[in-house]
Amino acid sequence: MSLRKTATKEAPHATYVAGHWTWHVLKVNAPKKSPHSPYTTWMVAAQSPMTHGGWDIGDTYAIEVLRYGVRVSSTTEFNAYMEEHA
């Protein structure tokens, strides 16, 4: 599946975790840009103490997820994208 196609929260491109926060990466909005660019955005399903067990879906800056989260799972295609821009 292309990183530009929206994945489901049950089968995301990648999952990042930080404490009580979880981000499921559903779509990479600009896969040719580096994920470390301050303006690259990802569509995510996010769960936090403020969502009370639910999920909020929307765009966030990739750099914020990378700064605070630890990748716990990802697809082969997402791994290649991250390695390409390491």
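Residues W42 and A62 share a closest heavy-atom pair of CE2-CB, 3.4 Å. Listed here is the closest heavy atom pair of G69 and A18: CA-CB, 4.0 Å. Considering every non-hydrogen atom in both V65 and T60, the closest pair reads CG2-CG2, 3.8 Å. Summarising the geometry of N29 relative to M43, their closest heavy-atom pair is ND2-N, 4.0 Å, with the distance given to 0.1 Å. Between P38 and Y61, the shortest heavy-atom contact is O-CD2, 3.3 Å.
The NE2 atom of H24 sits 7.5 Å away from the OG atom of S73 when rounded to the nearest 0.5 Å. How far OG1 of T40 is from CG of D59: 11.5 Å, rounded to the nearest 0.5 Å. The line from CZ of R4 to OG of S2 is 7.0 Å long, rounded to the nearest 0.5 Å. Taking CG of N79 as the reference point, atom CZ of R71 lies at 5.0 Å (rounded to 0.5 Å). Between T76 atom OG1 and E83 atom CD the span is 10.0 Å, to the nearest 0.5 Å. Residue S34 holds its OG atom at 13.5 Å from OH of Y39, rounded to the nearest 0.5 Å.
Looking at T22 and K9, their side chains never come closer than 4.5 Å, going by heavy atoms from C-beta outward. Contact check for P12 versus F78: no side-chain heavy atoms found under the 4.5 Å cut-off. Within the 4.5 Å cutoff, side-chain heavy atoms of W21 are placed close to those of M50. With a 4.5 Å cut-off on side-chain heavy atoms, H13 and Y81 do not count as touching.
By the criterion of side-chain heavy atoms lying less than 4.5 angstrom apart, applied directly or through intervening Ile, Leu, Val, Met, Phe, Trp or Tyr residues, M82 is grouped together with L3 in one hydrophobic cluster. Put simply, V25 and Y68 are part of the same group of oily side chains (I, L, V, M, F, W, Y) that touch within less than 4.5 Å, one to the next. Note on L66: it clusters hydrophobically with V44, by side-chain heavy-atom contacts below 4.5 Å among ILVMFWY residues.
Counting only N and O atoms by type, the side chains of D56 and T51 include no donor and acceptor under 3.5 Å apart.
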